Every structure is written in structure tokens, then in C-alpha cells.
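Below you'll find the structure I mean.
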There are 2 protein chains.
Amino acid sequence: MPYTHTHRILIALDCIIFGFDGEGLNLLLVKRNFEPEFGKWSLMGGFLNEGESLEEAAHRIVFDLTGLDNHYLEQFQTFGATTRDPVERTVSVAYYALVNIEDQDMNAIRSHNASWISLHKKPYLIFDHDIMVEEALKRLRTKAALNPIGFELLPGKFTIPQLQKLYEAIYDTKLDRRNFSRKILSTKLLMGTGEKDMTSQTKKGQLYSLNTHEYVRQQKGNFGFLPELILVDA
Amino acid sequence: MPYTHTHRILIALDCIIFGFDGEGLNLLLVKRNFEPEFGKWSLMGGFLNEGESLEEAAHRIVFDLTGLDNHYLEQFQTFGATTRDPVERTVSVAYYALVNIEDQDMNAIRSHNASWISLHKKPYLIFDHDIMVEEALKRLRTKAALNPIGFELLPGKFTIPQLQKLYEAIYDTKLDRRNFSRKILSTKLLMGTGEKDMTSQTKKGQLYSLNTHEYVRQQKGNFGFLPELILVDA
DNA sequence: GCAAAAGTGTTTCCGGTACACCCATGT
DNA sequence: ACATGGGTGTACCGGAAACACTTTTGC
């Protein structure tokens, strides 16, 4: 016997999909070729299906758009203002995802009319999506200072300066090259591959890959990855 | 015209209500005298009503139980496993609240069959409520390290040692009396009232009250209230 | 006087920061 | 040779931690 309460409503999911192009943070946004708000930009979203958990639904939405199956995904806030969707009342559970911008499925992206857009050039988004992006970024900043999740935005092999560029983008700040390198290496999270970064024009930096054992371990507790960054106000 | 998607479901809200009795953290829990799970303990919860935002609904639930109108309230996670409620599928948006245990409405509490229970003696709770409590505590710990919200659990006037006991309870750790005092006073958040704490048996400590101007200001950004605590693992 | 709890001062230590210097590669 | 960018060493500084000492009150 179901509950007697009757106010049953749609559950939406909206995904803030972050990517890193080597210079700055990017968002995967959809130019809507459907109603409502035809022609405007929005986050990628969808509705919760029967027999599907929130986590599964968010995963499905990101997978549909990017073709990527192993992205980092974290729920961060649920939006429930009564007027947030003009069509019909919905409550939206928002997730942010970190994907490696290099191994996405361009066909999936094109078929959804989506594009990567620099965070600094973000257009106005429909509904409460602008606020969602802002909150997602806040959460990403806190999370990335305490846990080593930034790697999710990079290819499997990368140089330390590339990693630094990423953190500078996330916190919109400048970091000292030498201190950053030392700090990262002291975490024991990186393993040298012996290979060199051949894309560089000058000195070819060493390519590192993750020590996956340590990586998984340090996801769990708060080890303080770069705790000083938590106090960066931007 | 509404959306064509049809899976409309109930939105529940569950509230983790924290109180501080001078020694440890307490939870306000309900011994259910209604179905389902009659006789078992659970969090205080309810359903989202038409024309009501999530925030409003959570506020209503805490107010019904405590009679308190000005408590601290923060949404922290939404739970959506398909089997989390055996009666009917629901998605639950969870909030934690900080209340001053002294000025609650005992009648409201009794009429809901609720009790304050020490966090250390928490019974098993129904559904996924045990996980909710665990996650709420994690969030409270992170939040209280970065923003001065602990005061919400104390009376309007309190001594620095009382405040210290509170933080020791939140982080389940011991702090140095002298360093704590200096740190707190350096924030300029406290104003001496000139009064003494007459409940103490020995030396009567000075009673402080909040500098509300500074307090509101420091809620906004990340000033790092006691940032070293963010790395306490418990 | 003595015990218990509040309040003040000082020293040490460590992590973050700043900066000087060396190395590797392409032109 | 020189410009560009990766990599290592060292000195300093500020905040956290550790600790000694004094003050207030009840018994």
C-alpha cells in the first residue's frame, strides 16, 4: 500500500561536465534544439526513470553525451525552488562530472548539439543552471584541495607542469612551479613512466602516470592533498 | 503543457538535528508510533508539499519538532536508491540542523515521541538513516572547520571552555586549552559581556557573546575558522 | 592550604613561500 | 649561443603545537 501523500513530481538530473583543454576549465553545454527554451544554452539533463537510482541516472546522462563510462561523478546539491522550471514543477538533483576531454565520443556530442565552452566565456544558461555551475565549481574547489581528483581531467600520462596548469585553472590563481612539483612528488601518487612529453617545443618534460593503488587509497580519507588551496577565494 | 515523462514520485525530507548538551553531540530522534517500522527509531522526516520549496519543507519539519524558528539548516545530500523505502519509491533530500538544546519546545518534542540521544549511543535507524547521519556528521565537520557555525549549538552567552568542549565533541578529539583560546579570540568573533559563568563550581569563566556583524560576514567566504581541524580523521 | 578550572606567556617546530641556480632541448 | 621551460636546493617566515606559570574560586 503506497503512502497517502499525493504530491508526486518529476525528478530531473542536471550534470555539470568539466573538461580541461590544457589551458582552462571547460564546460560541456547543450544548445537546445527542443522545447522549452529552444535555441538557448543549458546543462545536459534528463529525468529519473523507474527502477533507476540517482547515481545511475546521472551516469547515464553523462555517458549519453560523451560516450565515456569511467568518469568521476559527484552529487553536490538538489534544487527545489517551486518556480525553477516553468513547464512543470520539478526537483533537480545536480551532479558534476570530470572527464578527460581527449577521449570523448565526438559523434555523441554532435548528435546532442553540445559544445565545449570555456568557463570564462560561459553564456547565460536557462532556469537555475547558472547557479548550478557556480555551486559545482565551489564544490570542485573544496574537493580537489582535500582529495586528489584533478587527475580525472587529464590523460593517463601527463607532465607535472600540465597538472599545475590544471590546478591554476581550477583555483584561478598562480602557483610556484618549483614548490608545486615538490609537493606533488611528495604525495607518492605519481610514477615516472620514463617517457618524455614530445609535444613540447623545448625541454621535454617527464611523463607521469598515477600510482593507482595510492590513488584509490587517498580518495577515501581527508589526507589534505593541497590544503592551502582550500582558502583561496576567487 | 506538462512534460511527457511520466515517472513522478514522492519527495521525502529527512532532518538530522544536532544538539549539544555541554559534553557531547546529541541527535533528536523519533521513536515511531506509526507505520511503517512501528516501534523503531528514525530521523524526523516528511514529504514535500505542493507550492513548497525544499528549504521551506525542511524548515517546517524542524520547526514542527522543536518549536525553533531560527536554527541553522543546510542541505547536504539526496538519497535515491530504488529500494531505500520499502513502502513506495521515494527520493529523500537530507538536511542537517543545528539547534540550541536549551530553548526548544518540550511539548512539541514529546508529542512527536522524540528524544535527544547521544551520538555515541545512537540506536539502529530505519531505511538508510544510519548512512544519512554518518554523512551529515562528515559535512558538519568540514563546514565547521571553514566557517564559524558551531555557535548555533550554544546558548547566546557561553565561555570559551564551553566552546572548546563543543569542538572537541564535533571532531572527537582533544584540543589544547591555551592555543584554542588564543585562536578563537584572534577571530574577533567574540565580545566579552563582563558577566561570569555562575554554573561553574570553581573559577568562573568569562561569558562571551557573538559579534553578530563579524559573524554574518565570516559565514560568506572561506576564511578558515579552524582549518587544521579539517584534516582530523575520526 | 589544596584541588580544579580559567587565563597569559614563551619556545619549538614544520609547512608554505620565495627565490637562486642548474639542466635539457630547439632554433 | 641563447631562449624557453623543466627540475633541484636553500633560506625565511608565520601559524600550530607543546609546555610552564599564574589566577580565581570552592572546599
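As the structure is a prediction and not an experimental result, all values here were calculated from the model. Below, read A as the first sequence line, B as the second, and so on, with proteins coming before strands; counting in each chain starts at 1.
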**OP:** Let me know the distance between CG of A/Leu175 and P of D/dG6, rounded to the nearest Å.
**Re:**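 Going from A/Leu175 (CG) to D/dG6 (P), I get 14 Å.
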Side chain of A/Arg182 (C-beta onward), nearest among D/dG7, D/dG9, D/dA18: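 Of the options given, the side chain of A/Arg182 lies nearest D/dG9.
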task: Hey, can you tell me if A/Tyr96 and A/Tyr72 have their rings parallel, tilted or perpendicular (30° and 60° cut-offs)?
output: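 Tilted, since the angle between the ring planes falls between 30° and 60°.
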- B/Asn100 and B/His71 side chains, donor-acceptor separation under 3.5 Å: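 Side chains of B/His71 and B/Asn100: no pair found under 3.5 Å.
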Practice prompt. Take the protein atom CG of A/Leu231 and the nucleotide atom C1' of D/dG15, then report the distance between them rounded to whole Å.
Written response: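 That distance rounds to 12 Å.
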Ignoring hydrogens and geometry beyond distance, is the side chain of A/Arg177 in donor-acceptor contact with the base of D/dG7 at under 3.5 Å?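 Present.
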> How many angstroms lie between atom CG of A/Asn70 and atom CG of A/Asp103, to the nearest 0.5 angstrom?
Replying inline: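 Interatomic distance, A/Asn70 CG to A/Asp103 CG, rounded to 0.5 Å: 7.5 Å.
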Notebook entry, point to check: Taking the nucleotide of DNA chain C with the closest heavy atom to each, which residue, B/Pro161 or B/Asn179, is nearer the 5' end?
Noted result: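 Of the two residues, B/Pro161 wins.
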query = Out of D/dA16, D/dT25, D/dC21, which has the shortest distance to the side chain of B/Arg178?
reply =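 Nearest to the side chain of B/Arg178 among the choices is D/dC21.
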Practice problem: Let me know the distance between CG of A/Leu190 and C1' of D/dG6, rounded to the nearest Å. | Solution: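 It works out to 15 Å between those atoms.
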* Atom CG of A/Leu185 and atom C1' of D/dG6: how far apart are they, to the nearest Å? ->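 The answer, rounded to whole Å, is 12 Å.
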*Measure from the side-chain N and O atoms of B/Glu56 to the backbone N and O of B/Ser53, and report whether any donor-acceptor pair falls under 3.5 Å.*
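Answer holds: yes.
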> According to a strict under-4.0 Å criterion, is B/Lys204 in side-chain N/O contact with OP1 or OP2 of D/dG26?
Replying inline: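 Answer yes for this pair, as a side-chain N or O of B/Lys204 is under 4.0 Å from OP1 or OP2.
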Practice task
Provide, to the nearest angstrom, the distance between the CG atom belonging to A/Asp176 and the C1' atom belonging to D/dT8.
Solution key: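 Result: 12 Å.
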Q. So, B/Thr193 side chain and B/Leu207 main chain: donor-acceptor pair closer than 3.5 Å or not?
A.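 Yes, the answer is positive, given that a donor and an acceptor are paired below the 3.5 Å cut-off.
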Q: Specify the closest pair of heavy atoms between B/Ala97 and B/Val62, including all atoms of both residues, with the distance to one decimal.
A: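 Taking B/Ala97 first and B/Val62 second, the nearest heavy atoms are CB-CG2, 4.1 Å.
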Under 4.0 Å from a heavy atom of chain A: give me the 5'-most and 3'-most nucleotides of DNA chain C that qualify.
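Terminal contacting nucleotides, 5' to 3': C/dG16 to C/dG26.
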Find the distance B/Gln201:CD to D/dT25:P and express it as a whole number of Å.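 Whole-Å distance recorded here is 14 Å.
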Checklist line | Minimum heavy-atom distance B/Leu189-B/Glu214, with the two atoms named | finding: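 Heavy atoms of B/Leu189 and B/Glu214 come nearest at CD2-C, 3.7 Å.
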Q. Which sits closer to the 5' end of DNA chain D, B/Pro227 or A/Gln162, going by the nucleotide each is nearest to?
A.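 Here A/Gln162 is the residue nearer the 5' end.
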